[in-house]
Protein chains: 2
Amino acid sequence: MKTVTEQVISEIRERILDGKYGPGAHLHEATLAADLGVSRTPIRDALRVLGNEDLLVYYPNRGYIVRSVELHDVLDAYDVRGTLEGLACRVIAERGLTEAQREGFAELIERGDTIFASPSWGQEEQSAWRALNSEFHYALLTASNNRHLEPIMRQIRFFPRIFDSRLDPQSEFFQNVHTREQRVRSHHDHMHIVEALIRGEGARVEALMREHVYANRELLRRAMEGSGTF
Amino acid sequence: MKTVTEQVISEIRERILDGKYGPGAHLHEATLAADLGVSRTPIRDALRVLGNEDLLVYYPNRGYIVRSVELHDVLDAYDVRGTLEGLACRVIAERGLTEAQREGFAELIERGDTIFASPSWGQEEQSAWRALNSEFHYALLTASNNRHLEPIMRQIRFFPRIFDSRLDPQSEFFQNVHTREQRVRSHHDHMHIVEALIRGEGARVEALMREHVYANRELLRRAMEGSGTF
DNA sequence: AAATTGCAGGTTGCATGCAAACTGTCGATT
DNA sequence: AATCGACAGTTTGCATGCAACCTGCAATTT
């Protein structure tokens with residue numbers, strides 16, 4: 001991030017995602033400017049960008065308020081994500097993998113094997129897995145060679161984060177979702193997806209990816225409906 | 001459109017879509033400001049928004065240039081659109097239509113029947129069909145009740161328009177695509193889609209919608225590759 | 001001759017001032 | 001008593017000034 005405006009965008013976005021600015025909160029330009037130690041101009045630029053990302057709602061001449069995000073919105077985000085990553089997988093399989101791509105995916109799988117080689121599941125393994133998981137999904141978008149997918153995915157992947165921020169890390173949800181067991185299952189999904197990609201099984205890999213994302217969606221849905229917090 | 005900034009956004013976007021600012025063209029703030037008779041501030045706001053829409057590419061401290069759009073990008077946009085509208089159709093079918101929705105879609109189909117009742121195909125019928133077609137696809141997004149779909153579709157639907165603007169309306173492409181015959185075919189697709197929706201056939205209606213969009217994609221692809229203009 | 005550095009011109013980035021629009025309150029009129 | 005209207009305060013919208021940065025050219029150095 002080079003310019004002040006970019007930093008302001010990131011900062012305000014983080015505050016929204018972390019829940020510091022709750023749903024419906026009015027973002028006052030002068031207050032934000034004083035708070036962040038910059039003038040109103042970069043603030044206004046940032047609000048416009050975040051409005052485009054659908055994190056804020058714009059009312060002409062009245063400014064921006066934080067969009068309210070319901071469970072419904074997050075589940076819908078998973079639907080879109082699963083569908084589009086399924087598309088990515090299908091076109092990759094139908095086009096066929098290059099040698100470099102095959103090696104790249106094989107290496108990503110190997111790194112997963114390494115993480116799960118030991119039965120421990122501490123902070124280190126968890127953050128390593130999160131990074132690897134992001135890399136894997138991002139690699140698929142890149143390999144699909146469809147330039148529309150990456151910006152779309154960047155937009156919608158914020159919504160689960162907003163929801164996560166509202167949760168207590170000690171809650172039942174975290175206990176059920178972020179377990180080693182669930183991660184191992186995800187890793188196995190990835191293995192099957194890569195195998196299907198290599199074999200060029202387009203329809204199958206699309207279904208596998210959809211189901212892979214859908215599994216996480218359902219995990220969230222059941223945990224939230226069970227807890228009844230929302 | 002209320003504020004000056006919104007108007008500037010629309011104006012510059014139209015100019016890009018119409019090809020007045022060609023791929024790679026540098027959009028100079030002061031020049032645009034003088035040209036449109038406003039100050040640099042709304043211009044800068046507009047450029048930022050259009051950058052977010054992926055119509056412009058941003059280089060920090062050096063401004064914005066018009067993104068180059070290849071045939072490849074337009075075909076990819078169709079892939080995304082077909083996939084996401086397929087998703088919309090599937091969830092509508094799986095949830096089941098309300099009485100009001102069923103009547104709404106039936107009315108849209110009837111309006112299509114009316115347009116094609118006469119064998120003439122003049123300006124009037126063509127613009128009536130374009131409006132109806134937009135309404136139909138928009139109604140599906142609304143009925144899906146997935147709030148992510150509408151903004152995504154709004155972004156990617158610009159790309160075909162950029163391509164259209166580069167074409168000569170007298171060209172072979174327009175002769176082949178914008179015929180009454182092709183429109184009738186689209187109308188029949190819509191009828192089948194609505195029938196499948198009503199019957200709750202989720203998987204089938206998803207496939208139908210994908211194929212409906214894909215047919216247009218292939219029409220474009222063959223016409224462009226045949227003409228060899230790009 | 002090639003490379004590097006300093007300078008000039010021009011463009012974007014940010015701050016600030018002023019105008020326009022909106023909100024809420026108080027008072028007048030019916 | 002209720003509704004409508006005017007006014008004050010506040011907030012956003014737009015214009016403009018200045019600073020920072022980037023590019024290209026030319027002169028100097030190696």
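In what follows, every chain begins at residue 1, and chains take the letters A, B, ... in the order their sequences are listed. These numbers come from a predicted model, not from an experiment.
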Give the C-alpha distance, both sets of side-chain angles, the deciding distance and a yes or no for side-chain contact (heavy atoms from CB on, under 4.5 Å) between B:Leu50 and B:Ile9.
CA-CA 7 Å; B:Leu50 297 172; B:Ile9 292 172; 4.2 Å; yes
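- Side-chain contact between A:Asp73 and A:Arg67 is present, with at least one heavy-atom pair separated by less than 4.5 Å.
- For A:Thr3, no side-chain nitrogen or oxygen approaches OP1 or OP2 of C:dT12 to under 4.0 Å.
- Here C:dT16 is the nucleotide among C:dG13, C:dT16, D:dT16 with the atom lying nearest to any side-chain atom of A:Thr41.
- At a threshold of 4.5 Å between non-hydrogen side-chain atoms, the residues A:Arg157 and A:Arg81 do not count as touching.
- Taking atom CG of residue B:Asp45 and atom P of nucleotide C:dG13, one finds them 12 Å apart after rounding to whole Å.
- A straight line from CZ of A:Arg40 to C1' of D:dG13 spans 8 Å, rounded to a whole angstrom.
- Taking a cutoff of 4.0 Å between a charged side-chain nitrogen and a carboxylate oxygen, A:Asp76 and B:Arg147 do not qualify as a salt bridge.
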Let me see the working for B:Arg13 and B:Glu53 under salt bridge (Lys or Arg N to Asp or Glu O under 4.0 Å), right down to the final yes or no.
CA-CA 10 Å; B:Arg13 186 194 288 128; B:Glu53 288 179 2; 2.7 Å; yes
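- Residues from residues 58-68 of chain A with heavy atoms under 4.0 angstrom of DNA chain D, sorted by number: A:Tyr58, A:Asn61, A:Arg62, A:Gly63.
- Remark: C1' of D:dG17 and CZ of B:Arg44 are 14 Å apart, rounded to the nearest angstrom.
- One distance of note links CD1 of B:Ile16 with NZ of B:Lys20; it measures 12.0 Å at 0.5 Å rounding.
- Judged purely by atom type and a 3.5 angstrom limit, A:Arg161 has no side-chain atom pairing as donor or acceptor with the backbone of A:Glu14.
- Between B:His212 and B:His190, the ring-plane angle classifies as perpendicular under the 30° and 60° cut-offs.
- At a non-hydrogen distance threshold of 4.0 Å, nothing from residues 25-36 of chain B comes into contact with DNA chain D.
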